[in-house]
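To keep things clear, I will list the structure first and then write my remarks on it.
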Amino acid sequence: AMGSKWGLVHFSQICEKPGGEKVDVEEEVVLGQDVFVKVLSVDVENQKVGMSMKYAKQSSGEDLDPFQIKYSAEKENEGKRRGFAAGGGG
């Protein structure tokens, strides 16, 4: 474990909602709450780290998507909604 770090998690990465229902952030977390996250991406040039709570079990920190299967499918579906091929530009 790396210890505590401060960071931001995009609302879409807080938890899974059935049918793509929008997350009510205030129902799920409070400011300053300690949570487990999975690091999804690192952008060294822009000093940004993509993090997700929904792929980390909040009671233990266990990786719920160790082979990136769910995350890869999510990114592919996001690209289709935006009109890009998987991994497409922006």
Side-chain angles (χ1 to χ4, degrees):
M2 289 183 50
S4 295
K5 302 289 181 199
W6 281 93
L8 299 173
V9 175
H10 190 269
F11 75 90
S12 67
Q13 293 299 321
I14 291 174
C15 65
E16 293 280 358
K17 286 289 187 176
E21 182 182 330
K22 194 163 184 170
V23 174
D24 183 350
V25 176
E26 292 177 344
E27 270 186 24
E28 303 297 331
V29 291
V30 296
L31 184 63
Q33 178 180 340
D34 287 337
V35 297
F36 287 104
V37 296
K38 177 176 181 164
V39 174
L40 301 174
S41 63
V42 176
D43 180 344
V44 176
E45 185 176 323
N46 294 307
Q47 298 182 2
K48 292 185 178 183
V49 177
M51 299 179 289
S52 176
M53 288 173 54
K54 68 183 176 183
Y55 298 127
K57 188 173 187 175
Q58 291 305 301
S59 60
S60 66
E62 175 188 353
D63 187 346
L64 299 175
D65 188 24
F67 301 107
Q68 304 285 79
I69 295 169
K70 292 178 183 177
Y71 177 65
S72 295
E74 180 181 322
K75 292 302 290 178
E76 186 173 321
N77 288 335
E78 182 180 297
K80 287 178 183 176
R81 283 194 306 269
R82 292 183 178 179
F84 298 116

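Residue indices begin at 1 and follow the sequence shown.
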Derivation of the side-chain contact (heavy atoms from CB on, under 4.5 Å) call for Gln13 and Met51: CA-CA 7 Å; Gln13 293 299 321; Met51 299 179 289; over 6 Å; no
[X] and [Y]: same hydrophobic cluster, using ILVMFWY side-chain contacts below 4.5 Å?
X     : Y     : result
Val35 : Leu64 : no
Val30 : Val9  : no
Phe11 : Val29 : yes
Phe36 : Ile14 : no
Tyr71 : Val23 : no

For Tyr55, side-chain hydrogen bond (donor to acceptor under 3.5 Å, both in side chains) partners two or more places apart: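 Expected list: Glu74.
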Which residues share a side-chain hydrogen bond (donor to acceptor under 3.5 Å, both in side chains) with Ser12, sequence neighbours left out: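 Listed in chain order: His10.
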Polar side-chain atom of Glu16 near backbone of Lys54 as donor-acceptor pair, under 3.5 Å: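 Flag not set: sc Glu16 to bb Lys54 has no pair under 3.5 Å.
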Side-chain donor or acceptor of Gln58 paired with backbone N/O of Ala56 under 3.5 Å: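 Yes.
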Salt bridge (Lys or Arg N to Asp or Glu O under 4.0 Å) partners of residues 24-45, not counting sequence neighbours, each pair once: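 For residues 24-45, and leaving out neighbouring residues, the salt bridge (Lys or Arg N to Asp or Glu O under 4.0 Å) pairs sorted by first residue read Lys17-Glu28, Lys38-Asp63.
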Minimum-distance pair of heavy atoms, taken over all atoms of Val37 and Met53: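 Of all heavy-atom pairs spanning Val37 and Met53, the closest is CG1-CG, 4.0 Å.
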Gap between atom OG of Ser72 and atom CZ of Phe67 - 0.5 Å precision: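 It is 12.5 Å, given to the nearest 0.5 Å.
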Enclosure of Gln33 CD (heavy-atom neighbours >12, cutoff 6.0 Å):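 More than 12 heavy atoms, drawn from other residues, nucleotides or ligands, come within 6.0 Å of this atom.
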